[in-house]
2 protein chains.
Amino acid sequence: MIAMTWELEFNAPNMDDSEPATEIRVLVVDDHPSMRMGLVALINGQRGMTVVAEACDGEEAIEVYEDTRPDIVLMDLRMPGMGGVEAILALRKIDPAVNVIILSTYDWDEDIHLAIQSGAKSYLLKDTSVEEIADTVRRVHGGDAAIPGQVSQRLAERSQRQQLTERERDVVELLIKGRSNKEIACSLFISEETVKSHLKTLFAKLGVRDRTEAAIAAIRHGIVHLD
Amino acid sequence: MIAMTWELEFNAPNMDDSEPATEIRVLVVDDHPSMRMGLVALINGQRGMTVVAEACDGEEAIEVYEDTRPDIVLMDLRMPGMGGVEAILALRKIDPAVNVIILSTYDWDEDIHLAIQSGAKSYLLKDTSVEEIADTVRRVHGGDAAIPGQVSQRLAERSQRQQLTERERDVVELLIKGRSNKEIACSLFISEETVKSHLKTLFAKLGVRDRTEAAIAAIRHGIVHLD
DNA sequence: ACAGCCATCACCCATCCGGGGGATTTGGCG
DNA sequence: CGCCAAATCCCCCGGATGGGTGATGGCTGT
């Protein structure tokens, strides 16, 4: 209500003629109301950019994107319902040139990889300064892919590691549920020997010795989620 | 900058005489700049309350608290360096009547318990609406302990569970590092049989069958942290 | 003094797990 | 077509793990 009042008063007179004719139009997507409020304040507090819409999850983001066609989507990765990755892919179907900046709490390398691979132009952590977030918005709008050092380092770490196969991910998924080899075998309709075989390569790839270490490592890397 | 302009205009004429003479003075503590910005905007956007200071971690919160003596401390629980729990305890040493509201991303029951037990007057999740956060600030300032249903439910769940002893926590701490029984025994200077003994009671208390399940359960409850 | 909880350790034993081999089939890719 | 990675399965085996049962000493509260 207060923001609206201000916006009307500000837009009507247009007292600042150094303001560029076309501002960077930003869509803010985050399921935490206070965080969303912070991002809106952050963007609107910067000259040359303005929040044109907000959404609290992936579905809403897509709806709103079609209506407003913003220049930049500033989005959380972990959201209830449709997550960030699915949202990026859906947005790219609508507009292949969409500029998504992910703003995440976590620096799990798998999360970063998936976001970037899905087409995010940047991946920032939530402890990023106001200036750097604003700067990234400008850089991405200018066509760059602005990835901070800490984040790209994680990405490099991931590329060092041997990637898990689909089946190995199936196994690790059940592993973190505390399932025994026999139970995993049963769930995947394969023999227990095959499970052990997958586990062997899995341990090697993650650089661990047993299932407990593997479970922890998988969580730490963001390969599986605890939700 | 925009918020300041508005505040000046609003405060100067004082057109609303239903406004209380003394506003609720709030200290906002969060390590994420954009979240801090959101909370500041949220509080300052409410009538009857105002942000008098900000801090980005526990240490700074204590310094700033002594200078400003706010009515309410709105604080994140997980922060680098001194965490929320230590910060609450330290603040209570300075001022036993301090009103701390924890605003956390996680609803781990152990986190909630520790925060409340340390003396937090409320525990809100970050997906709480702006209205409810503001309302909680007012309620806590009025002397209530406003705990949302979802959170108190978690607290109830925890009280159902048998509490871990100190030694059991030691064991689980090493367990989530992927240590074997022998290694745990070695680290704690006890026999392997004793470790197995602790694990037995640990499994029973957590309602699990093996070490991997125990590790996951401990993480899910917030008994141990992955940091 | 006695009960109750905790930490410590011991023994037995069935089962599970992980490391070491190796084999087969399937599908893709050059 | 040959090569290779992936998925499937098999065997062996020593050591780790977890369940059961019990004992001892220390500390606490009544």
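Just the heavy atoms: all of them, side chains too, but no hydrogens, waters or symmetry mates, feed the values below.
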Pair B/H198-B/R167, side-chain donor/acceptor within less than 3.5 Å:
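B/R167 and B/H198 do not have a side-chain donor-acceptor pair below 3.5 Å.
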Is A/V151 close to A/L155 at the side-chain level, that is, under 4.5 Å between some pair of heavy atoms?
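Result no, sub-4.5 Å side-chain heavy-atom pair not found.
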Distance in angstrom units between [X] [atom1] and [N] [atom2], rounded:
X	N	atom1	atom2	value
B/E213	C/dC16	CD	C1'	14 Å
A/L175	C/dC17	CG	C1'	12 Å
A/R211	C/dG19	CZ	P	11 Å
B/Q162	C/dC5	CD	C1'	11 Å
A/E166	D/dA6	CD	P	12 Å

Looking at A/K205, I'd like to know if its NZ atom is crowded, meaning that more than 12 non-hydrogen atoms belonging to other residues, nucleotides or ligands lie closer than 6.0 Å.
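Check passes, neighbour count above 12.
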Check the pair B/D71 / B/V137 against side-chain contact (heavy atoms from CB on, under 4.5 Å), numbers first and verdict last.
CA-CA 9 Å; B/D71 301 308; B/V137 169; over 6 Å; no
What verdict does the side chain to side chain donor-acceptor pair (under 3.5 Å) test give for A/H225 and A/R78, after you've listed the backbone C-alpha separation in whole Å, the side-chain angles of each residue and the deciding distance to 0.1 Å?
CA-CA 10 Å; A/H225 300 324; A/R78 302 283 187 94; 3.2 Å; yes
If only side-chain N and O atoms of A/R167 are considered, is one of them under 4.0 Å from the OP1 or OP2 phosphate oxygen of D/dT8?
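Result: yes.
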For DNA chain D, the residues among residues 178-205 of chain A that have a non-hydrogen atom under 4.0 Å from it
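Contacting residues: A/I190, A/S191, A/E193, A/T194, A/S197, A/H198.
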From D/dA7, D/dG18, C/dG18, pick the nucleotide closest to the side chain of B/D210?
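The answer is D/dG18.
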Picking from C/dC6, D/dT17, D/dA7, which would you name as closest to the side chain of B/T165?
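My answer, after comparing the listed nucleotides, is C/dC6.
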Pair A/R211, B/E213 - check salt bridge (Lys or Arg N to Asp or Glu O under 4.0 Å), show working.
CA-CA 10 Å; A/R211 53 183 50 231; B/E213 268 190 291; over 6 Å; no
